[in-house]
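Report on one structure; see the data block that follows.
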Protein chains: 2
Amino acid sequence: MSHLGYSCLMAIDRDHVLRSAAALLTRRSTATMDEVAKAAGISRATLHRHFAGRDALVRALEQLGIAECEGALDRARPEEGPAAEAVRRLVREIQPAAGLLSFLYGENQLWEGDGLNEGWQRLDARIGALFQRGQRAGEFRIDLSPVWLTEALYGLIASCAWATLDGRVASRDFPTMIAELLLGGALRREEP
Amino acid sequence: MSHLGYSCLMAIDRDHVLRSAAALLTRRSTATMDEVAKAAGISRATLHRHFAGRDALVRALEQLGIAECEGALDRARPEEGPAAEAVRRLVREIQPAAGLLSFLYGENQLWEGDGLNEGWQRLDARIGALFQRGQRAGEFRIDLSPVWLTEALYGLIASCAWATLDGRVASRDFPTMIAELLLGGALRREEP
DNA sequence: CCCAGATGAGACATTGACGTCTCATTCTGG
DNA sequence: CCAGAATGAGACGTCAATGTCTCATCTGGG
């Protein structure tokens, strides 16, 4: 029956190819299929055996990004403890996927059609619920909607990932910069 | 001598074409030269008489974006009064250019080469100076660098412009959402 | 050893966007 | 009204990326 599917060898390779592509496209989102193949250390023919075309590759990266986000969200335990601490945990857990996310964020092809992947909606709902929980608990202000806070979180992640690649922000500061700005803002807190 | 240049008529048209292109590319950043021409109500031939090619068009849009930002910065009087108020004025003044900026923000072609337009460096310096002024005055916290605050401002503008296009954020809330999040953060302030 | 599956290298056609060109038509200022 | 400038429509040619195909080679399990 093996003529119908792929051997187990291709499964592990596929993941490696996917991650190489993510790393490359994070830097140069317009990279050629040729460059993607080279970056993964395989030939263009083999790349096409894994992914039917560029579109399929981008869709697979989208799935990977969604899966990484959901994993990060799971590990962050968003229902547990103060909402602010949960946000800090989430940002910390999501950092490894930030590059991939910033690539996907700029891939308009994923957003303009009506075929919006429901994975993003699930994520939006879960992150929005976290912010809402913080509002209900009196931790977060209520004049910024959960939807906007979620959107702003994505935007800050993409910004910081890009600034990190350019060396304008140190990689080790990533979680602090995002979480502190998102939670506390630029204004200095009153002394207690 | 008119065979060497263009009549004054093309000058006003050029601006109209530029703004039509900005409006279209804000929505579909991969729009064709054909679509750009149609959106401006002119033929592709005429579009090429104004801009040598797609690259020239993008560069012209970059110049327009820089000019709009510098104008907004001038009108916001960043040296005047409390830094937080200056930031609020800046965000309000920059809103009309937000769509164009979010397009430019995603145009990697502008950033990856070493031919970075010095206009952006001027803007970075001016906005960074505003945040630094706030830090020196004790208004802003010092654990978030001016460079990062500037980057975050760009990111929030792009996020909010995009969310506005999709109807997830109301256009009239744009200045408040950005300025309040950037300045105050999501955490509820202590009652004084 | 042998063979099926996987790979690499490369040729090939296709496609979509781009840039250039021509020519008839329209507009405009004198 | 008229000459020159500007425009629209469209026909090309070009080019880079893509997707498909073939064939020689490699590899690992039986």
Side-chain angles (χ1 to χ4, degrees), chain A residues 1-62 103 106-110 112-113, chain B residues 1-62 103 106-110 112-113:
Chain A
M1 293 304 183
S2 62
H3 64 286
L4 286 178
Y6 297 98
S7 84
C8 59
L9 288 180
M10 289 190 66
I12 46 180
D13 274 9
R14 185 188 153 102
D15 191 72
H16 165 248
V17 171
L18 220 39
R19 293 185 186 279
S20 303
L24 172 60
L25 292 172
T26 292
R27 295 190 305 267
R28 307 201 334 109
S29 62
T30 60
T32 296
M33 291 294 274
D34 230 323
E35 300 173 286
V36 172
K38 242 175 210 108
I42 62 177
S43 71
R44 210 158 49 95
T46 304
L47 178 59
H48 274 281
R49 286 184 190 108
H50 284 291
F51 305 99
R54 188 191 184 78
D55 192 71
L57 174 64
V58 172
R59 294 294 169 175
L61 285 170
E62 181 184 35
F103 161 69
E107 204 63 7
N108 309 58
Q109 157 198 15
L110 298 176
E112 53 194 22
Chain B
M1 294 302 182
S2 61
H3 64 288
L4 287 177
Y6 297 99
S7 84
C8 60
L9 287 181
M10 289 189 67
I12 44 180
D13 273 10
R14 187 187 150 102
D15 192 70
H16 165 247
V17 171
L18 221 38
R19 293 186 186 279
S20 304
L24 172 60
L25 292 172
T26 292
R27 294 190 305 267
R28 307 198 338 107
S29 62
T30 60
T32 296
M33 291 294 273
D34 228 324
E35 299 172 289
V36 172
K38 242 176 212 108
I42 62 178
S43 69
R44 217 176 65 243
T46 304
L47 178 60
H48 269 78
R49 286 183 191 109
H50 284 292
F51 305 99
R54 189 191 183 78
D55 191 71
L57 174 64
V58 172
R59 294 292 169 178
L61 285 170
E62 181 184 33
F103 161 69
E107 204 65 4
N108 310 57
Q109 157 198 16
L110 299 176
E112 53 194 21

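The figures here come from the full heavy-atom set of this structure, side chains too, leaving out hydrogens, waters and symmetry mates. The sequence lines fix the lettering, A, B, ..., with proteins before strands; numbering per chain opens at 1.
In this entry the distance linking CZ of B:R14 with P of D:dT7 reads 13 Å, nearest Å. Rounded to whole Å, the distance from CG on A:D13 to P on C:dT7 is 6 Å. Residue A:R28 contributes atom CZ, which lies 15 Å from atom P of D:dA16 at whole-angstrom precision. The separation between A:L57 atom CG and D:dA17 atom P is 16 Å, rounded to whole Å. Rounded to whole angstrom, the span from the CG atom of A:L47 across to the C1' atom of D:dA17 amounts to 13 Å. One atom, CG of B:D34, and another, P of D:dA9, lie 11 Å apart when rounded to the nearest Å.
Of the candidates D:dT20, C:dT20, D:dT7, C:dT20 carries the atom nearest the B:H48 side chain, counting heavy atoms from C-beta on.
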5' to 3', nucleotides 10-17 of chain C under a 4.0 Å protein heavy-atom cut-off (B base, S sugar-phosphate only, - none) gives -B-----S
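Between B:R59 and B:E62, at least one side-chain N (NZ, or NE/NH1/NH2) sits under 4.0 Å from a carboxylate O, which counts as a salt bridge.
Taking 4.0 angstrom as the limit, B:S43 places none of its side-chain polar atoms (N or O) nearer than this to OP1 or OP2 of D:dT7.
The CD atom of A:Q109 sits 4.5 Å away from atom CG of A:D55, with the distance rounded to the nearest 0.5 Å. To the nearest 0.5 Å, atom CZ of residue A:R49 and atom OG of residue A:S43 are 6.5 Å apart.
Counting only distance, with no hydrogens or angles, the side chain of B:H48 and the backbone of B:R44 share a donor-acceptor pair below 3.5 Å.
A donor and an acceptor atom sit less than 3.5 Å apart, one in the side chain of B:R49 and one in the base of D:dG8.
Two residues are said to be in side-chain contact when any heavy atoms from C-beta on lie closer than 4.5 Å; B:E107 and B:L25 fail this criterion.
Take A:D34 and apply the side chain to side chain donor-acceptor pair (under 3.5 Å) test, not counting sequence neighbours, and it matches no residue.
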